[in-house]
Amino acid sequence: MRFIIANEFYEQMRQIADHPPDCYVRPGEYLHHLYIDGVKYVVAPAVYDCLQQAEAKNDAEAIAHLRLHWQHYLALRAEAEQLGALSDEVTLLGDPPPDDNAAPPTPAAPPYAPPIPTRWEDLGLDLAFLYDLILRTLFARGQLPAGELARTLALPFGLLNPLLQNMRKQALIDIVAQHGHAGDAGFVYALKPPKGNEALTLALEKTTYVGPAPVPYHDYVETVLAQSIRRLVVTRRTIRQAFQDLVLAEDLLHQIGPAINSAQSIFFFGYPGNGKSSIAERITRLMHDTIYIPHAVEVHGQVIKLYDPVLHHAVPPESPANPDDPPLAHAAPADPRFLRIQRPTIIVGGELTLDMLDLRYNPTTRLYEAPLQMKANGGVFMIDDFGRQQVRPMDLLNRWIIPLEKHYDYLTTASGNKIEIPFDQLLIFSTNLDPHQLADEAFLRRIKFKIEVRNPDEHQYRQVWQLVCHTRRIPYDEDGINYLIDKWYRPYQRPFRMCHPRDLLDQMIAIAKYNLERVNFSPDLIDAACATYFVSQEKKDFGAQLRLS
């Protein structure tokens, strides 16, 4: 707790017109908190005055709130007096404010990087599995120099070369040429019949996987836990930068921050068009670090493809994950079987089915595709437009009970074996429906943070217009917005939505292009855009009916 005891700060607080809702006992009543540089303080003189007012009104709720603050203040003051640390110059009691100039805490360990294997035993894979992978690669790619074969398998050449020599001794492969003067790395290898072809047939019966050598299951689990999303910390200061291009109420912003720190689950609900999806997308801006994921995972001789170039954004070894971060002078060397990516953000909507949350086996290639939640480990997994999927909401919710409680998930292979994988991600549900229509109390209890994304007020609505105009490089016109609100909102009691400024301005741009005119806030252009955007509230019968059942 931090208490300000100087009266000049009390006067400063009263001169500020706009305070966040959590500065009051109730919104707009009993102001007693002050934010300074993103740090929240209790103003002791304000607590005293507000307590007197609450007692005069016999306001029990306010009295309980303010009296507890006052008791904490008196305890801190008594402690300071005993230590002889209270004087006229003292303005603050309790915890000191955070020091921006102090050096950031040194992490207990350097950023995680999977260690580079030096022997084939370090790979954690059976020798027979490696032989099969080499055979399939030579079959799929044709004759390859040993150095290129090592790059294809994402293995250090010094580790691969002894395996090639052993396979040659067993008459599975042979050297057919030599490229350049690179020594052993220039030897060109090919399958050697008949033993090589016979071994290839058996290898293809197991799986057709060709690519970087998989990482064994246990190493994958260790990698996920070493890069856990639970290590991230969000503060009032860092969150503002991530959401600087969105207009959000202060109380909403300060609900989102602790929810991210929990690294568990969030339920966003509210009217459509107010930015629930945009909020989820920007949460990853707070995750400046990167993580390593393997291209594929080996479990009981089966291969699960994990890396998805559509969902995972690879980062070059010498590049920062975030444009605001400084360049990495020397990225830590890592196992080449792993890929360095930005922490993933996976968003699915009405297309989500239960099958997408299980291992998907292709009987033709005999390969598994990792489910979405496995691909989202270490990042954010958002189920957008929840409740409008083809699967019943309760069935989808029941699928998450164990992962939310235990932080691991069970996957089942085609042969019936169960695999326990980490569930290390921020799971976000976003819906336009009432949460009580979608889930019972038992499930809502498992979702730790329930956050309503409300409609903007008029001031916020105008701020969004300013932001959108700035982005589109169109001059903002206050008189034009006044006209818009007076004609198209107030007469119909139409609620403001965060998406309206963007959508209406896009309509205005399209209409202006058609009319061969410059975009401006003329009443004609505003009316034309609104007439084609808003649906008339007048009920009309066009002679057709829609069956919803």
Side-chain angles (χ1 to χ4, degrees), residues 15-24 26-29 31 240 243-255 268-279 282 385 430-434 451-542:
Q15 292 174 7
I16 298 175
D18 189 17
H19 290 275
D22 62 341
C23 288
Y24 304 85
R26 291 187 295 269
E29 298 184 69
L31 175 64
R240 175 53 69 185
F243 289 88
Q244 61 185 348
D245 59 341
L246 288 182
V247 176
L248 296 178
E250 286 292 325
D251 57 335
L252 175 61
L253 197 63
H254 300 321
Q255 289 175 352
F268 286 124
F269 62 97
Y271 290 106
N274 281 332
K276 296 185 291 296
S277 301
S278 298
I279 290 172
R282 282 156 180 78
D385 212 13
S430 174
T431 183
N432 303 328
L433 305 174
D434 183 349
I451 300 176
E452 181 180 1
V453 183
R454 297 180 293 275
N455 292 330
D457 57 27
E458 183 174 333
H459 175 67
Q460 293 168 338
Y461 178 76
R462 292 174 184 270
Q463 284 183 306
V464 177
W465 265 108
Q466 294 174 9
L467 190 62
V468 171
C469 287
H470 176 74
T471 303
R472 302 289 199 279
R473 297 183 178 180
I474 294 173
Y476 172 76
D477 186 342
E478 187 74 23
D479 292 333
I481 302 303
N482 292 339
Y483 174 84
L484 167 67
I485 294 174
D486 290 340
K487 180 170 182 178
W488 290 95
Y489 282 87
R490 290 202 174 100
Y492 306 102
Q493 296 183 335
R494 179 173 281 128
F496 297 116
R497 297 278 195 267
M498 289 289 190
C499 66
H500 285 178
R502 177 201 62 200
D503 295 346
L504 287 173
L505 189 56
D506 286 344
Q507 300 277 94
M508 293 165 64
I509 292 172
I511 296 169
K513 287 180 180 178
Y514 180 77
N515 290 337
L516 301 176
E517 63 183 15
R518 180 175 58 85
V519 181
N520 56 55
F521 282 82
S522 71
D524 297 328
L525 196 54
I526 292 173
D527 290 343
C530 292
T532 55
Y533 183 74
F534 295 120
V535 178
S536 172
Q537 297 180 352
E538 177 186 354
K539 292 185 179 180
K540 299 179 181 180
D541 185 359
F542 297 104

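The neighbour count for Asp18 CG, taken as heavy atoms of other residues, nucleotides or ligands under 6.0 Å away, does not exceed 12. For OH of Tyr483, the number of neighbouring non-hydrogen atoms (other residues, nucleotides, ligands) closer than 6.0 Å is greater than 12.
At least one side-chain heavy atom of Cys499 sits under 4.5 Å from a side-chain heavy atom of Arg502. Residues Met508 and Phe521 have side chains in contact (heavy-atom distance under 4.5 Å, counting atoms from C-beta outward). Annotation: side chain of Ile509 is in contact with side chain of Ile474 (closest heavy-atom distance under 4.5 Å). Side-chain contact between His500 and Tyr489 is present, with at least one heavy-atom pair separated by less than 4.5 Å.
Remark: Pro27 pairs with no residue by the side-chain contact (heavy atoms from CB on, under 4.5 Å) rule, at least two apart or across chains. Residues forming a salt bridge (charged side-chain N to carboxylate O under 4.0 Å, His left out) with Arg26 (at least two apart in sequence, or on another chain): Glu29, Asp59, Glu61. Among residues two or more places apart in sequence or in another chain, the salt bridge (charged side-chain N to carboxylate O under 4.0 Å, His left out) test is passed with Asp477 by none. For His19, there are no side chain to side chain donor-acceptor pair (under 3.5 Å) partners at least two apart in sequence or on another chain.
One finds the OH atom of Tyr461 at 4.5 Å from the CG atom of Leu484 (value rounded to the nearest 0.5 Å). The line from CD1 of Ile526 to CG of Leu504 is 9.0 Å long, rounded to the nearest 0.5 Å. Of the inter-residue distances, the one linking Ile279 atom CD1 with Ile451 atom CD1 reads 8.0 Å to the nearest 0.5 angstrom. Note that CZ of Phe268 and OG1 of Thr431 are 13.0 Å apart. Values are rounded to the nearest 0.5 Å.
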Check the pair Asn482, Asp479 against side chain to side chain contact (heavy atoms under 4.5 Å, CB included), reporting the backbone distance first and the verdict last. CA-CA 5 Å; Asn482 292 339; Asp479 292 333; 4.0 Å; yes

Verdict with reasoning, Ser522 to Asp524, per side-chain hydrogen bond (donor to acceptor under 3.5 Å, both in side chains): CA-CA 5 Å; Ser522 71; Asp524 297 328; 5.1 Å; no

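For Pro495 against Asn455, the heavy-atom pair with the smallest separation is CB-ND2, 3.8 Å. In plain terms, the two heavy atoms of Leu525 and Ala512 that are nearest each other are CD1-N, 4.1 Å. In terms of heavy atoms, Val535 sits closest to Arg494 at O-NH2, 4.1 Å. Of all non-hydrogen atoms in Val453 and Leu252, the two that sit nearest each other are CG1-CD2, 4.3 Å.
Note on residues 504-518: pairs passing salt bridge (Lys or Arg N to Asp or Glu O under 4.0 Å), not counting sequence neighbours, are Arg472-Asp506. For residues 456-467, every residue pair satisfying the salt bridge (Lys or Arg N to Asp or Glu O under 4.0 Å) rule, not counting sequence neighbours, is listed here: Glu458-Arg462, Glu458-Arg490, Arg462-Glu478.
Looking only at distances, a side-chain donor or acceptor of Arg497 sits under 3.5 Å from a matching main-chain atom of Pro272.
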